[in-house]
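Here is the structure we will look at.
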Amino acid sequence: MSSRFASLVGATLLLCLGAGSAKAADGSPIDAADTGFMIAATALVLMMTLPGLALFYAGMVRKKNLLATMAQSVAATAVVSILWYVLGYSLAFTGDGAVIGSAARLFGAGIGLDTVSPFAKTIPEMLFLAYQMTFAVITVALVGGSVADRMSFAAFLIFSVIWLFLVYVPSAHWVWGGGFLGAMGVIDFAGGTVVHINAGVAGLVAALVVGNRMGFGRENLAPFDLTMAVTGTGLLWVGWFGFNGGSALGAGSRAVYAIMATHLSASAGAIAWTAMEWWQRGKPSVLGMISGAIAGLGMITPASGYVEPWSGLVIGLVGGVVCYWCCTELKHLLNYDDSLDVFGVHGVGGLIGTLLAGVFASSAITGDTAVSGLIEGNLRQFALQALGVAVVTAWCVAGTWIALKVTGLFTALRVAPDQEREGLDLALHGETLHT
């Protein structure tokens, strides 16, 4: 049996080597290993929204709003995917404009079987389009967590369309698609600015505009089922390997280093948050553990492909402590109702993580002495990171406010008081959870 198995493995390897040689002989720039890796990474990032984020968010709201919260993740996936293919990708990743791209890839025009993007030269361009699509999907879905329990479904749909093109697409072009921030030297490996700052800041603005939930600060708004949230955390944690590791855009050592830094940061974030809570409140909660893990994951995202794994430990510890303070003390000091702490975890995590990329970036990982951080004496990189944070934050605040105001011209942003009391599952979707 063992000899047959060995023969089968050997034959398979020979076939793979032969296929690889054939591709090389054809002169195609597409690499089979990189393509396979990126297909897996794309699937992992999509899994982060469905079912990862859907479970994570749904487990932290009240029972009467569980299905409505999940509906936001499903809707974001469907709507953003189509819009990204139709126009979003083209505006973000084609053209040489400093502020916005072109319509060259409208409806995928010009993309053939062997076409590659200048930003991902060893994989099919359609795969690069799909991978970036999953980032746009989860960013829009994340925003919904800040206004869970009270924003109408119609308003969320309209807002998602406007916000995608007004905020997400331009910032993606600025940082990743050849725009002015990337050209200046701002580094963001997997989305500290484009994903986390945008989602967190937009969530905060939306929470302030829509207003606090009924009973906020007076009634028990405790999560319905933390087992769902823990399951969602696990899916997000694993999916983040595709999120950060896949941002290397190929199967190589840099992807491995990004994955290792990511895992260590998540672990450190969970420990730091738990320690803070245990010290201040006397008991370590499950909600605190998973919140710390997500904080660590968000914090390492912009730095993951630029730093040594040990830096992931430090960044995760900082993330656990700072995000804990923002979600417990700052939130109550300012009295804003960010339902699922999107700003406190993702917004703050993305902001500080982007700055820390300018501290811990290592030329040994980047392969470029010019792309290094303060620990190697490069003050310029830290200054560029601060500039990137300021520009993206300012644009997100303005763009989100405009998107909400325009949405309000078409439909009410918030459900009626009696619908909020009844619960969004029944009031908006005609369904209830029978358990």
Side-chain angles (χ1 to χ4, degrees), residues 53 55-62 142 145-149 192 196-197 199-201 203-204 207-208 212-213 215-234 236-237 240 262-301 303 310-356 359-360:
L53 189 68
L55 285 168
F56 181 67
Y57 273 1
M60 294 193 293
V61 297
R62 289 167 290 175
L142 279 169
S146 290
V147 286
D149 292 346
H196 294 291
I197 289 179
V201 171
L204 178 60
L208 292 172
N212 295 351
R213 287 169 290 179
F216 177 69
R218 302 185 307 275
E219 300 176 7
N220 182 10
L221 304 178
F224 164 64
D225 188 354
L226 282 178
T227 63
M228 294 177 65
V230 172
T231 303
T233 301
L236 286 166
W237 194 325
W240 232 289
T262 297
H263 184 63
L264 291 175
S265 184
S267 301
I271 290 171
W273 190 302
T274 301
M276 290 292 294
E277 190 174 51
W278 207 340
W279 172 51
Q280 288 198 337
R281 303 186 177 185
K283 293 181 180 179
S285 72
V286 173
L287 179 59
M289 292 180 200
I290 62 176
S291 298
I294 300 300
L297 289 164
M299 188 79 80
I300 191 61
T301 291
W310 68 264
S311 300
L313 280 172
V314 178
I315 291 171
L317 289 172
V318 172
V321 172
V322 174
C323 292
Y324 170 80
W325 181 81
C326 289
C327 293
T328 55
E329 301 299 328
L330 181 64
K331 184 177 180 179
H332 293 300
L333 283 173
L334 301 181
N335 195 39
Y336 63 87
D337 185 14
D338 178 359
S339 303
L340 304 181
D341 290 316
V342 182
F343 174 72
V345 173
H346 296 278
V348 173
L351 189 155
I352 298 178
T354 301
L355 293 176
L356 291 181
V359 174
F360 292 104

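By convention here, the first residue in the shown sequence is residue 1.
Looking at N335 and N212, their side chains come closer than 4.5 Å, going by heavy atoms from C-beta outward. Looking at heavy atoms from C-beta onward, L317 lies out of side-chain contact with V321 at the 4.5 angstrom threshold. Within the 4.5 Å cutoff, no side-chain heavy atoms of S285 are placed close to those of W273. Using a 4.5 Å cut-off on side-chain heavy atoms (C-beta onward), L142 and Y57 make contact.
Shortest non-hydrogen contact noted between R213 and S339 is NE-OG, 3.6 Å. Closest approach of V61 to A148, counting heavy atoms only: CG1-CB, 4.0 Å. Between F343 and Y336, the shortest heavy-atom contact is CD2-OH, 3.7 Å. Nearest heavy-atom pair, T301 versus G192, reported as atom, atom and distance to 0.1 Å: CG2-N, 4.0 Å. Listed here is the closest heavy atom pair of A268 and L313: CB-O, 3.5 Å. Here the closest heavy-atom approach between residue V318 and residue M299 is recorded as C-CE, 4.0 Å.
No side-chain donor from either of W240 and H263 sits under 3.5 Å from a side-chain acceptor of the other.
Remark: E277 CD to S291 OG distance equals 8.0 Å, nearest 0.5 Å. Residue L221 holds its CG atom at 7.0 Å from CG of D149, rounded to the nearest 0.5 Å. For the atom pair CH2 of W237 and CD1 of I294, the computed distance is 8.5 Å after rounding to the nearest 0.5 Å. Once rounded to the nearest 0.5 Å, the distance linking SG of C327 with NE2 of H332 reads 9.5 Å. Separation of atoms CG (D341) and CG (L287) is listed at 8.0 Å; rounding is to 0.5 Å. Atom CG of residue L330 and atom CH2 of residue W325 lie 4.5 Å apart, to the nearest 0.5 angstrom.
No side-chain donor-acceptor contact under 3.5 Å links S146 to the backbone of D338. Between the side chain of T233 and the main chain of I290, no donor-acceptor pair closer than 3.5 Å is present. Without hydrogens or angle criteria, Y324 side chain to E329 main chain gives no donor-acceptor distance under 3.5 Å.
Relative orientation of the H346 and H196 rings is parallel, given thresholds of 30° and 60° on the angle between their planes.
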